[in-house]
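Structure first, then comments.
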Number of protein chains: 2
Amino acid sequence: MKENSLLGYALLGLIHQQPRSGYDLRKIFANTPMGTFSDSPGAIYPALQRLEERGFVTSRVHASSGLRRRRLFRPTSSGKRAFRAWQTSSINSDDVIHRADELMLRFGFMDETAGAAQATRFLKALAKELAAYIPILRKFLKVQGAGMPLSGKLALESGIRGYETLLHWAKSALGIYKRSKKRGARK
Amino acid sequence: MKENSLLGYALLGLIHQQPRSGYDLRKIFANTPMGTFSDSPGAIYPALQRLEERGFVTSRVHASSGLRRRRLFRPTSSGKRAFRAWQTSSINSDDVIHRADELMLRFGFMDETAGAAQATRFLKALAKELAAYIPILRKFLKVQGAGMPLSGKLALESGIRGYETLLHWAKSALGIYKRSKKRGARK
DNA sequence: AGGTTCATGTAACCCGTTACATGATTTC
DNA sequence: GAAATCATGTAACGGGTTACATGAACCT
């Protein structure tokens, strides 16, 4: 079921936008806010090889006139299907607690590969899980806080605020999708 | 230089508070907000073995009357030194971008192992790095936003808000340390 | 007596890190 | 023609995941 690493899905999503080479992908990770992923060749080239072995991408070497040879990757239909399945799979509390990065990566490509309806579905589910989890953390802090050192309490407070911020963001993003849908319908 | 994994430091920090067994540590990761770490035995027991091999902890089996045998771990002086060195090492932009989790773990044990002065030093350095990084992200969003799909823009916005929240938190935490120091000095 | 919880371990596998290697093309 | 950049790879290593294994103590 867990067919690819997070890096693998990031690569799949990026070549979904347009065919890219390993070097293109490295540059994206090196020079954009997607830089949470490693731009090291030892991570990216093997990851692309795995994607190809699994039939999620194909590659072809382009060496057009005076340019350096570049191996361009593009997703197969099977790759597109696997990506969409990963992206639209249901969200549970474990995802929120242990895999927040993965959730945001899933959402980042949502428009291009799954559409606005899936995006709102995703945001609603995320907001629901966050609304359930935040009070649990708040209660823990209240009950256990007395016996915790100040820095420990503050670290937990920081984590909670992060989740609260994410919840606010999800709600405002939902509003944006709702308005853009209405505007689209009015046309 | 990179002597231990993040899990290793988490374990070191926890047994610094009091001697604990592998099972104690698993329970902490299973039942508290420190649950971002894996509670699987396949992660924890080998990690403890590594810490022992490297001389950062010692262990002794306790089997006192009618209780199940438990191997209790406690840090060595070398372990305490390594932990403190890790915890108080300087913060750079890379830490903020790629290792935010690690920063928060370092801070969470700060009072117990490094003191309030180090905590304020840490918070100031963190705030400085965040204040430098956030405008870079904001600018990227402004410049590149037009060519990005809505969900991509929103995902980036979410990340930025996360950093902004962290910056606000760091400033308010600094205020708390400052006030508690004053109160301490008045006595 | 049998199931559950306590408690500690091991082994295969996957994959990211780090470091090294190679050659072609552009730039000065 | 030397240096920098483009572009793609490989290999050793570390450590987390998953799954399996074992036995003691506690509960009913």
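Letters A, B, ... mirror the listed sequences (proteins, then strands); counts begin at 1.
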For atom [atom1] of [X] and atom [atom2] of [N], their distance in whole Å:
X: Ile44(B); N: dT10(C); atom1: CD1; atom2: P; value: 15 Å
X: Tyr9(A); N: dC15(C); atom1: OH; atom2: C1'; value: 15 Å
X: Asp39(A); N: dG16(C); atom1: CG; atom2: P; value: 13 Å
X: Arg70(B); N: dA25(D); atom1: CZ; atom2: P; value: 14 Å
X: Glu53(A); N: dC14(C); atom1: CD; atom2: P; value: 11 Å
X: Leu25(B); N: dC6(C); atom1: CG; atom2: P; value: 15 Å
X: Phe29(B); N: dA7(C); atom1: CZ; atom2: C1'; value: 16 Å
X: Arg26(B); N: dT17(D); atom1: CZ; atom2: P; value: 12 Å

What do the steps show when you test Glu52(A) against Thr58(A) for side-chain hydrogen bond (donor to acceptor under 3.5 Å, both in side chains), and what is the final call? CA-CA 6 Å; Glu52(A) 191 155 22; Thr58(A) 54; over 6 Å; no
Counting the atoms with a prime plus P, OP1 and OP2 as sugar-phosphate, which does [X] contact under 4.0 Å by heavy atoms, base, sugar-phosphate, or nothing?
X: Ser40(A); result: base
X: Gly42(A); result: base
X: Ser38(A); result: sugar-phosphate
X: Arg50(A); result: sugar-phosphate
X: Arg20(A); result: nothing

Any side-chain donor-acceptor pair under 3.5 Å between [X] and [Y]?
X: Asn4(B); Y: Arg50(B); result: no
X: Thr165(A); Y: Arg161(B); result: no
X: Glu3(B); Y: Trp86(B); result: no
X: Arg121(B); Y: Gln118(B); result: yes
X: Tyr177(A); Y: Asp111(A); result: yes

Quick check for you: among [options], whose closest atom lies nearest to any side-chain atom of [X]?
X: Arg71(A); options: dT8(D), dA7(D), dC15(C); answer: dT8(D)
X: Pro46(B); options: dT10(C), dT8(C), dT8(D); answer: dT10(C)
X: Ser5(A); options: dT8(C), dT8(D), dG16(C); answer: dG16(C)

Between Leu6(A) and Pro41(B), just flag the one whose closest nucleotide in DNA chain C comes earlier from the 5' side. Pro41(B)
Any [X] side-chain nitrogen or oxygen under 4.0 Å from OP1 or OP2 of [N]:
X: Tyr23(A); N: dT8(D); result: no
X: Arg69(B); N: dA25(D); result: no
X: Ser21(A); N: dT8(D); result: yes
X: Gln49(A); N: dT10(D); result: yes

